[in-house]
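For reference, the structure is listed below as structure tokens.
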Amino acid sequence: MSKFHKNRGAGGPMTPAGPVYGVISTLDDAAQNTAGFARFPSLEAKKSELRLFLNWGNPKKNREMGSEKLRNRSWIVDVLAIFFGIGTWLGVNGTFIQLPLLVDEAPEGWSLPSYLSVMVQIGNLGPLLYTAIQKYSPKKLNDGWTIHGVLLVGAISCLLTAFFYNRTAPVAGTDHSLALFVLTCFTALNACTSSVLFMPYMGRFKEQYMVTYFIGEGLSGLLPSVTALIQGIGESGDCVLVNVTETGQEIYELQKTPPRFDTRVFYLILFALMVFAYVGYTLLNSLPVARREYAQVTVSEGNKYVYGEADNHEIKTEKLSKGQYTYLLLLIGVISLFSNGMFGSIQSYSSAPYGSQAYHLSATLSVIANPMACFLAMFLHFTSLRIITVLSILAGVLTSYVFTTAALSPLPPLHDKTMGAVLVVTAWTLLVGIVSYTKLGITTVMRAQGGQSLVWVGAITQLGSAIGAVAIFFAINYSDLFKAAETGC
């Protein structure tokens, strides 16, 4: 008997598909199979995973395989998936990138980031509510229309922020940026919910489109950064002599060039990008060319996926054992705890002592490293647990280094040497790139398990991010672990 694709998007038809096989749907359903997880042709089974990872072997065969992968995809769907991914964390990333200008107008001053971090965590109510409805409600949400609503919330919040970001109101007798706080909650609602909604939605497409979706998610951080650079944020400024005391002491003041456009224009640009993301998703959800790129999959209520045997026929898959399944979930939770929850908060402590140029280079290159790592995965694709573990260990070593430099701020090792600046910039760039590459590898493995695996990945990602953000908030604001380097003249 034939099975069918079930499109739970808005108005999606049902299209015929081949046979499907059972896959795990929850953590408790993970198979007890102790076989290793390999996604390589049996002909290559005797080759080392490292050699496969580095694509060593017959150059002619490698070129043929690469050409086949490029031909076996729709570039229209790739572009739409990238735009869809841009609509994930664009608003939240943009708000934090705009902080150098926001703090000048906000009554909270440089404590504003701490407040905004709390607002972002409130956004986690979105994925909690969605998961609760899908698990306990007899009537499940339609993912297609829910994504429409979530993207509209993100777009409208960016638009309103452009006009109300500097509106204040008294709270407990003290003025606060109440409008910015509320709008950041809605922006975060879009971002946080994307982890348990957008990523599982992409699971209905062929495996290669998960990579381009992650490229778009990386661009949600890169595009606001590029916009801010054009705006003029991040320029170090000049030390200008402003006075000479009676004793002959010269007084210098750090003066920065005014931005090329204000915060309102910046948020309007973000709004335009969110509109592009919404249009990209709408076309991805409705165009026939996009539906032809669906995987051989049956989607049941509650975002449970069952993939067919012919799906991704070029590579062989096996179920993960329960221990492997749990290991990958815990691993992506720990990775998210540091990468999403802590890295952004400690980067200035880690790199600013090496100079403003080192700080801005580490911030800029690390943002670029995210989408570049995902782009690299289009050609150096891997799903080996050993490679994932090795990369995670390497990321752990780099994390230890950047945390050490942050904890020893304002006088970390080699702070007055060019080599120190080179090391910290290189560490941050490699760290973010390796973390992005590893997370994509884990997500690809979990996608192949079907069921609600991608929902689990999104939920654990958000849980780890929230724990990390809360922990680093208290470590920075209520302890002496981190001390900021002086940036004045």
Side-chain angles (χ1 to χ4, degrees), residues 4-17 69-91 93-94 130 141-159 187 189-191 193-224 268-299 303 305 311 371 374-375 377-378 440 443 447 454 458:
F4 294 89
H5 292 293
K6 181 178 179 184
N7 177 18
R8 297 181 65 231
M14 299 180 71
T15 56
K69 285 183 179 180
L70 292 177
R71 286 195 302 267
N72 189 29
R73 66 190 311 132
S74 168
W75 293 102
I76 294 176
V77 178
D78 277 322
V79 171
L80 295 179
I82 288 173
F83 276 113
F84 182 38
I86 289 173
T88 53
W89 288 86
L90 183 76
N93 289 332
Y130 169 80
L141 292 173
N142 181 292
D143 289 344
W145 290 113
T146 304
I147 294 174
H148 276 291
V150 170
L151 284 173
L152 283 174
V153 168
I156 293 172
S157 61
C158 285
L159 178 62
T187 303
L189 184 70
N190 165 70
T193 308
S194 69
S195 295
V196 298
L197 184 59
F198 293 13
M199 189 164 53
Y201 172 83
M202 288 303 299
R204 68 190 62 193
F205 289 90
K206 294 176 182 177
E207 184 181 23
Q208 59 261 35
Y209 298 111
M210 184 67 75
V211 177
T212 46
Y213 167 79
F214 269 91
I215 291 175
E217 188 172 297
L219 290 176
S220 72
L222 177 60
L223 292 178
L268 289 175
I269 293 174
L270 295 188
F271 168 69
L273 291 173
M274 285 298 302
V275 171
F276 281 119
Y278 181 81
V279 172
Y281 165 70
T282 301
L283 296 176
L284 189 67
N285 195 50
S286 58
L287 287 181
V289 67
R291 290 175 179 163
R292 286 196 293 269
E293 296 302 310
Y294 279 179
Q296 183 184 332
V297 60
T298 300
V299 185
N303 250 336
Y305 286 68
D311 181 43
C374 296
F375 180 76
M378 294 178 65
L440 179 56
T443 303
R447 173 204 176 273
L454 289 178

Start with the C-alpha gap between Phe205 and Tyr213, add the side-chain angles, then the distance that decides, and say whether ring pair (Phe, Tyr, Trp, His ring centres under 6.0 Å) holds. CA-CA 11 Å; Phe205 289 90; Tyr213 167 79; over 10 Å; no

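- Here the CD1 atom belonging to Ile82 is positioned 9.0 Å from the CH2 atom belonging to Trp75, to the nearest 0.5 angstrom.
- Across every non-hydrogen atom of Met274 and Cys158, the tightest pair is CG-SG, 4.1 Å.
- More than 12 heavy atoms of other shown residues, nucleotides or ligands fall within 6.0 angstrom of atom CG in Leu152.
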Stepwise side chain to side chain contact (heavy atoms under 4.5 Å, CB included) check, Met202 with Leu284: CA-CA 10 Å; Met202 288 303 299; Leu284 189 67; 3.9 Å; yes

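- Put simply, the side chain of Tyr209 gets close to the backbone of Ser74: a donor and an acceptor are under 3.5 Å apart.
- Shown here for Ala295 and Arg447, the closest heavy-atom pair between the two residues is CB-NH2, 3.5 Å.
- Put simply, OG1 on Thr443 and CZ on Phe214 are 3.5 Å apart, with the number rounded to the nearest 0.5 Å.
- Partners of Val279 under the side chain to side chain contact (heavy atoms under 4.5 Å, CB included) rule, at least two apart in sequence or in another chain, are Val275, Leu283.
- Considering Leu151, Leu454, Thr193, Asp143 in turn, Leu151 is the only one that fulfils the side-chain contact (heavy atoms from CB on, under 4.5 Å) rule with Phe198.
- With Asn285 contributing its side chain and Tyr281 its backbone, the two residues share no donor-acceptor pair below 3.5 Å.
- Here the OG1-CG distance, from Thr212 to Leu219, works out to 11.0 Å after rounding to the nearest 0.5 Å.
- In this structure, the separation between OG1 on Thr88 and CG on Leu197 is 12.0 Å, given to the nearest 0.5 Å.
- Applying the side-chain hydrogen bond (donor to acceptor under 3.5 Å, both in side chains) rule to Ser194 yields no partners; only residues at least two apart in sequence or on another chain are considered.
- In this structure, Leu90 and Leu273 approach most closely via the heavy-atom pair CD2-CB, 3.5 Å.
- The minimum heavy-atom distance between Cys374 and Val211, with the atom names listed, is O-CG1, 3.1 Å.
- Taken from OG1 in Thr282 to CG in Leu287, the straight-line distance is 9.5 Å, to the nearest 0.5 Å.
- Residues satisfying the ring-ring contact (aromatic ring centres under 6.0 Å, His included) criterion with Tyr278, sequence neighbours excluded, are His148.
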Please step through side chain to side chain contact (heavy atoms under 4.5 Å, CB included) for the pair Val150 and Leu189, ending with a clear verdict. CA-CA 8 Å; Val150 170; Leu189 184 70; over 6 Å; no

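- Across every non-hydrogen atom of Gly94 and Pro224, the tightest pair is CA-CB, 3.9 Å.
- Summarising the geometry, atom CD1 belonging to Ile215 is positioned 12.0 Å from atom CG belonging to Leu222; distances are rounded to the nearest 0.5 Å.
- For Glu293 against Arg73, the heavy-atom pair with the smallest separation is OE1-CA, 4.4 Å.
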